[in-house]
Amino acid sequence: MRPTLVVIVGPTAVGKTEIGVRLAEHFSSEIISADSRQMYKELKTGTALPSPEQLARVKHHFIGNLSIHDYYNVSMFEQDVLALLSSLFPEKPVIFMVGGSTLYINAVFHGIDDLPSVDQELRDELQQQYKENGIEFLRNKLKILDPEYYQRVDLKNPNRLLKAIEISLMTGKPYSSLLTAPSRERDFRIIKIGLNKNREELFEQINKRVDEMFDKGLPDEAKLLFPYKNLNSLNTVGYKELFLCEEGKVSMDQAKEQIKTNTRKYAKRQLTWFKRDGDIHWFEPDHTNEILEFLKKELDE
RNA sequence: GGUACCAUAGCUCAGUUGGUAGAGCAACGGACUGAAAAUCCGUGUGUCCCUGGUUCAAUUCCAGGUGGUACCA
């Protein structure tokens with residue numbers, strides 16, 4: 001059988017984890033988590049990790065493998081996943097990838113260009129200048145460094161402008177000249193399965209999950225992490241809102257509501273991204289048998 | 001029971017000197033190449049509480065009703 005990566009995607013809280021475990025169990029396989037926040041070992045209750053029981057049923061990768069203090073990025077994820085896959089495929093021809101971090105998943109699908117990693121000093125400096133001089137400053141700078149990218153970038157999005165300026169300065173070449181849209185051929189097959197349900201139910205599930213996180217002590221965990229609130233790894237739904245509460249800017253109830261709202265928005269953004277991918281086969285999360293039948297048929301071919 | 005004030009979008013509210021209305025949040029749609037649970041863009045979705053009166057025209061003015069809030073009993 002040709003080595004196959006079965007990827008299960010969908011909005012947060014739709015039920016990816018349990019289905020992934022069931023399918024992986026059925027094929028005696030392992031799971032690669034594609035979740036940019038479940039990788040941080042300090043984030044325990046706010047990231048909807050697989051339960052200890054689920055982790056015991058199937059071997060998971062990229063769960064709690066980093067510290068919030070570590071630097072990590074999409075490209076590293078792509079490399080790490082490819083390396084892992086080549087070590088797993090000889091033994092297990094079907095591997096599952098389960099998660100909702102769209103850009104990370106995309107990097108595994110198509111690859112991502114080889115760019116230098118952030119120079120924190122440069123980033124801080126540009127950030128400072130942006131704060132002092134506004135977005136016009138970034139636009140003018142980019143216009144000189146990379147007029148081509150300036151034409152097509154979202155000129156209202158400071159992160160995009162900063163990124164392009166950073167890379168252009170670091171490499172001495174226009175950022176856009178380094179973007180070759182690789183679309184690398186993979187030497188394994190990819191089957192994409194999408195899970196979705198009606199919006200109302202999904203939102204109910206999100207609200208319920210946030211309530212459960214609070215019951216499990218999310219506010220206490222956030223309090224412990226408060227000293228590190230400026231780390232990128234903690235710019236995360238479920239924590240950033242509680243940091244505001246810790247600072248006395250919102251009440252605990254307001255923080256909870258904001259977590260629900262921000263999780264809903266996140267789910268929406270995920271769906272916008274996934275909807276664009278025409279190769280995804282969509283299913284209702286409770287139709288496990290249907291998905292299993294589909295997979296068996298696909299893998300037989 | 002009396003008096004005063006209020007009733008406009010899913011929520012909080014603005015507004016119309018009478019010509020059927022707009023902000024924030026939510027919601028909805030979208031973008032996305034190392035911050036991605038990030039960052040950013042677009043869209044108003046409405047018996048203007050009900051009934052009657054005045055008027056060419058009422059969400060707006062008047063009367064009554066209903067509901068709410070406050071105070072007085």
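Side-chain atoms are counted along with the backbone in the values below, which use heavy atoms only and exclude waters and symmetry mates.
For the C1' atom pair drawn from B:rA70 and B:rA26, the interatomic distance equals 30 Å after rounding to whole Å. Across B:rG10 and B:rG44, the matching C1' atoms stand 12 Å from one another, rounded to whole Å. For B:rU43 and B:rC25, the C1' atoms lie 15 Å apart once the distance is rounded to whole Å. As rounded to the nearest Å, B:rU3 and B:rU59 have P atoms that lie 28 Å from one another. Taking atom P in both B:rG42 and B:rG24, one finds a spacing of 11 Å when rounded to whole Å. Taking the C1' atom of each, B:rA23 and B:rU8 are spaced 13 Å apart, rounded to whole Å. Going from the P atom of B:rA63 to that of B:rC11 covers 29 Å, rounded to whole Å. Rounded to the nearest Å, the gap between the C1' atom of B:rG65 and that of B:rG29 is 43 Å.
With rounding to whole Å, A:R264 atom CZ is found 5 Å from B:rA27 atom P. As rounded to whole Å, 18 Å separates atom C1' of B:rA35 from atom OH of A:Y239. Per the geometry, CD belonging to A:Q270 stands 14 Å off P belonging to B:rC28, to the nearest Å. For the pair A:Y266 OH and B:rC40 P, the computed distance is 17 Å after rounding to whole Å. Across the protein-nucleic acid pair, A:R123 atom CZ and B:rU39 atom P stand 13 Å apart, rounded to whole Å. Atom C1' of nucleotide B:rC40 and atom CG of A:L155 are separated by 11 Å, given to the nearest angstrom. Taking atom CZ of A:F77 as the reference point, atom P of B:rA38 lies 17 Å away to the nearest angstrom.
Note on A:S101: only backbone sugar-phosphate atoms sit closer than 4.0 angstrom, heavy atoms only; bases stay farther off. Using a 4.0 Å heavy-atom cutoff across all strands shown, A:L178 reaches no nucleic acid atom at all. Within the nucleic acid shown, A:N262 has no heavy atom closer than 4.0 Å to any nucleic acid atom. Across all strands, A:F203 comes closer than 4.0 Å only to sugar-phosphate atoms, never to a base (heavy-atom distances). Residue contacts shown for A:G111 are absent, as no nucleic acid heavy atom lies under 4.0 Å away.
Using a 4.0 Å cut-off between charged nitrogen and carboxylate oxygen, A:K297 and A:E293 do not count as a salt-bridge pair.
Place A:N235 and A:Q127 on RNA chain B by their nearest nucleotides, and A:Q127 ends up nearer the 5' end. Where A:K163 and A:T261 meet RNA chain B, the nucleotide closest to each residue was compared, and A:T261 sits on the side nearer the 5' end.
In this structure, A:Y72 has its ring center no closer than 6.0 Å to that of A:Y40. In this structure, A:F89 has its ring center under 6.0 Å from that of A:F188. Checked against a 6.0 Å centroid threshold, the rings of A:F77 and A:F62 count as neighbours.
Scanning atom types as modelled, one donor and one acceptor separated by under 3.5 angstrom connect the side chain of A:R160 and the base of B:rA38. Between the side chain of A:K268 and the base of B:rG29, a donor-acceptor pair under 3.5 Å is found.
In this structure, B:rG29 forms a base pair with B:rC41, meeting either the Watson-Crick or the G-U wobble geometry with both donor-acceptor distances under 3.5 Å. Shown here, B:rG1 forms a base pair with B:rC72; the pair counts as Watson-Crick or G-U wobble because both key distances fall under 3.5 Å. Look at B:rA14: it lacks any Watson-Crick or wobble partner with both distances under 3.5 angstrom. When both pairing distances are held under 3.5 Å, B:rA9 makes no Watson-Crick or G-U pair with any nucleotide shown. Pair assignment for B:rA36: none, as no Watson-Crick or G-U wobble contacts are both less than 3.5 Å. The pairing partner recorded for B:rG19 is B:rC56, the criterion being a Watson-Crick or G-U wobble arrangement whose two distances lie under 3.5 angstrom. Using N1 to N3 plus N6-O4 or O6-N4 for Watson-Crick, or N1-O2 and O6-N3 for G-U wobble, each under 3.5 Å, B:rC49 pairs with B:rG65.
By the 30° and 60° cut-offs, the orientation of the rings of A:H281 relative to A:F294 is tilted.
At the phosphate of B:rA26, neither OP1 nor OP2 sits under 4.0 Å from any side-chain N or O atom of A:K260. OP1 or OP2 of B:rU39 has not a single side-chain nitrogen or oxygen of A:K156 nearer than 4.0 Å. Distances shorter than 4.0 Å separate some side-chain N or O of A:T272 from OP1 or OP2 on B:rG30. For the pair A:R199 and B:rC28, the criterion of a side-chain N or O lying under 4.0 Å from OP1 or OP2 is met. OP1 or OP2 of B:rG29 has not a single side-chain nitrogen or oxygen of A:R269 nearer than 4.0 Å. One finds no side-chain N or O of A:Y104 lying less than 4.0 angstrom from the OP1 or OP2 phosphate oxygen of B:rA35. At B:rA36, none of the side-chain N or O atoms of A:N106 fall inside 4.0 Å of OP1 or OP2 (strictly under the cut-off). Residue A:Y71 has a polar side-chain atom (N or O) positioned under 4.0 Å from OP1 or OP2 of B:rA35.
Between the A:S29 side chain and the A:V94 main chain, a donor and an acceptor come within less than 3.5 Å of each other.
By the 4.5 Å heavy-atom criterion applied to side chains, A:K173 and A:S168 are not counted as neighbours.
For A:N232, whose side chain is taken as the heavy atoms from C-beta onward, the closest listed nucleotide among B:rA27, B:rA35, B:rC40 is B:rA35. Closest to the A:N159 side chain, of the nucleotides B:rA36, B:rG42, B:rA38, is B:rA38. Side chain of A:Y149, nearest nucleotide from B:rU33, B:rG34, B:rG29: B:rU33.
Here B:rG64 is in the anti range [glycosidic angle more than 90° from 0].
Remark: A:K249 is not positioned above the aromatic ring of A:F243, lacking an NZ or CZ atom under 6.0 angstrom from the ring centre and at most 45 degrees off the axis.
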